[in-house]
Amino acid sequence: MLVIGLTGGAGSGKSTVADLFAEHGAGIVDTDVIAHQLSRPPSAALDEIRTVFGDEFIAQDGSMDRPRMRELVLSDVSARGRLEAVFHPRILQLAKEQLQTLTATHHYALVVVPLLFESGRFLPLVSRTVTVDCTVERQRTRLAQRAGLTTQAIDQLLAAQFSREQRLALADEVIRNDGSREELADQVATLHRTFIKLTKSA
Ligand code: ADP
């Protein structure tokens, strides 16, 4: 099956784009959704988080205290490495399993990976890459509205990711998301046709 890696900066519109592709019938594997699942009990990843980081990173309901963890890893690179060591191999394994299931029913699938180029771990799964691109100002506005993040948290989040220019240099395809939802949907429709053609020529 053709597998496309979908990335983009925080708040660029990855989830929105993935939903639009799903409307065309593309299979979607979202690594953020998998990470959220692994952060809730029962989960071996959660047990390891407790061992590696301590009880204070487990919330009242038994899930990972994500805001606290985000605060830690945005200011501590080695903690970020430890968190990724717990989560990434498991996310990769589950993503592979989900792709395997989608093969039977879908022409192609997108794997949504926020740090596709930064981590590199997911690149072997995909044969093409797409980045969702918008201005940093727009990313900031969307992040402030959606997640209610402070300016400092947004600064840290953006500093932990590649720049627009780095993603643009690495991606095979670019979806611009500075306009309306309709303009976004038009670009997705065009790319969908391209991907369908690729599945036929393979
Ligand atoms: P990401 O998954 O990259 O973090 P999202 O898809 O969640 O980004 O988009 C961030 C926010 O911006 C969401 O609230 C989404 O509804 C909104 N959004 C994304 N693209 C557009 C657009 N073209 N027009 C209006 N709102 C948009």
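In each ligand, atom 1 is the first atom listed, and ligand 1 is the first ligand listed.
In the displayed structure, His24 atom NE2 is contacted under 6.0 Å by more than 12 heavy atoms of other residues, nucleotides or ligands.
Remark: minimum distance from atom 11 (C) of ligand 1 to any protein heavy atom is reached at Arg142 CD, 3.9 Å. In terms of protein heavy-atom proximity, atom 2 (O) of ligand 1 is nearest to Ser15 OG, 2.8 Å. Shortest contact from atom 13 (C) of ligand 1 to any protein heavy atom: Arg146 CD, 4.2 Å.
Atoms of ligand 1 found under 4.0 Å from any heavy atom of Thr16 (numbered from 1 in listed order, with element): 5 (P), 6 (O), 9 (O), 15 (C), 19 (C). Close approach to Gly13 involves these atoms of ligand 1, each under 4.0 Å from a residue heavy atom: 1 (P), 3 (O), 5 (P), 6 (O), 8 (O), 9 (O). The ligand atoms of ligand 1 that sit less than 4.0 angstrom from a heavy atom of Lys14 are 1 (P), 2 (O), 3 (O), 4 (O), 6 (O), 8 (O). Near Gly9, the atoms of ligand 1 lying under 4.0 angstrom from a non-hydrogen atom of the residue are 3 (O). Below 4.0 Å from some heavy atom of Ser180 lie the following atoms of ligand 1, by number and element: 23 (N).
Taking the charged nitrogens against the carboxylate oxygens, Glu173 and Arg128 do have a contact shorter than 4.0 Å, which makes a salt bridge. For Arg167 and Asp133, the salt-bridge test fails: no basic side-chain N is under 4.0 Å from an acidic carboxylate O. Using a 4.0 Å cut-off between a side-chain N of Lys or Arg and a carboxylate O of Asp or Glu, Arg140 and Asp155 qualify as a salt bridge. Salt bridge present: Glu48 and Arg90 bring a charged side-chain N and a carboxylate O closer than 4.0 Å.
Note on Val112: it clusters hydrophobically with Val188, by side-chain heavy-atom contacts below 4.5 Å among ILVMFWY residues. Clustering ILVMFWY residues whenever any of their side-chain heavy atoms sit less than 4.5 angstrom apart, transitively, puts Phe122 in a cluster other than the one holding Ile4. One hydrophobic cluster, built from ILVMFWY side chains closer than 4.5 Å, cannot hold both Leu115 and Leu157; they sit in different ones.
Ring orientation note: the planes of Tyr108 and Phe21 are nearly perpendicular, at an angle over 60° on the 30°/60° scale.
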Determine whether Asp61 and Arg40 satisfy the following criterion, salt bridge (charged side-chain N to carboxylate O under 4.0 Å, His left out), listing intermediate values before the conclusion.
CA-CA 9 Å; Asp61 65 357; Arg40 288 190 297 266; over 6 Å; no
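Within the 4.0 Å heavy-atom criterion, the part of Asn177 lying near ligand 1 is the side chain and not the backbone. Contacts between Arg181 and ligand 1, counted as non-hydrogen atom pairs separated by less than 4.0 Å, involve both the backbone and the side chain.
At a 4.0 Å cut-off, not a single heavy atom of Cys134 sits close enough to ligand 1 to count as contact. Under a 4.0 angstrom heavy-atom cut-off, Ser12 registers as being in contact with ligand 1. For Pro114, the heavy-atom gap to ligand 1 stays at 4.0 angstrom or more.
The shortest N or O to N or O distance between Gly179 and ligand 1 is under 3.5 Å. Looking at Leu184 next to ligand 1, no N or O pair under 3.5 Å apart turns up.
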